[in-house]
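The first residue in the sequence is number 1, and the count goes up from there. Order of appearance sets the numbers: ligands from 1, and atoms from 1 within every ligand.
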Amino acid sequence: MDYYGKRMSKLIEQLSALPGIGNKSAQRLAFHLIHMPQERVKQLTDAITDARENVCYCKECCTLTDQEICPICSNPARDKKTIMVVETTRDLAAYEKTGKYEGVYHVLHGAISPMLGIGPGDIRLKELIKRLEGDVNEVIIATNSSLEGETTAMYISKLIKPTGIKVTRIASGVPVGGDLEYIDEMTLLRALEGRVEL
Ligand code: ZN
């Protein structure tokens, strides 16, 4: 039964396709949206369109940015010889919040997962290997401590080892399976300081 009319149902359907939004939340959001002033709705849809059109990957570290080179990579004060490998831009943000890390990052946009059919070619690994042709002292692997994160860490360390570049893994102070973005700053700092060479 189409209780709300075609247009409303379409909006609910679109919203419920978003991650973490069930049918009930989608209905609540849809009703909220149609009661919002037109101008506010336009600001929201413009922001979505603008972000989708203009946010891209940084040419160096692959993080999401609206510039060719992100502010971290273009900051001359950052140590370009230390690269921390993370799974997502949200993980990068978690480390940036600590304000204590002075190196640069590499964002993989995922992790290797044979279960889900995600292989090395599906994440931004090629870009990382290319960066290692430059002057790099250390690669810190800060992927999650989930099965996928550990698999990815192992894979990367095997790739890098023959180059002679130092490879380290953040300490296991990070709870198993815990997403980096939900971990407090102290835990992240301890994990970073306690990193071990692979
Ligand atoms: Zn960058």
No-hydrogen, no-angle side-chain donor-acceptor test under 3.5 Å, [X] and [Y]:
{"X": "Asp46", "Y": "Thr49", "answer": "no"}
{"X": "His106", "Y": "Arg124", "answer": "no"}
{"X": "Asn144", "Y": "Glu148", "answer": "no"}
{"X": "Glu127", "Y": "Tyr57", "answer": "no"}

Exercise for the section: Give every protein N, O or S atom lying under 2.8 Å from the Zn ion (ligand 1), naming each by residue and atom. Expected result: Cys58 SG, Cys61 SG, Cys70 SG, Cys73 SG
Exercise for the section: Could you go through the side chain to side chain donor-acceptor pair (under 3.5 Å) check for Glu138 and Thr168 one step at a time? Expected result: CA-CA 7 Å; Glu138 182 180 355; Thr168 55; 2.7 Å; yes
Exercise for the section: Please determine if Arg169 and Glu150 form a salt bridge, counting it only when a charged side-chain N lies under 4.0 Å from a carboxylate O. Expected result: yes
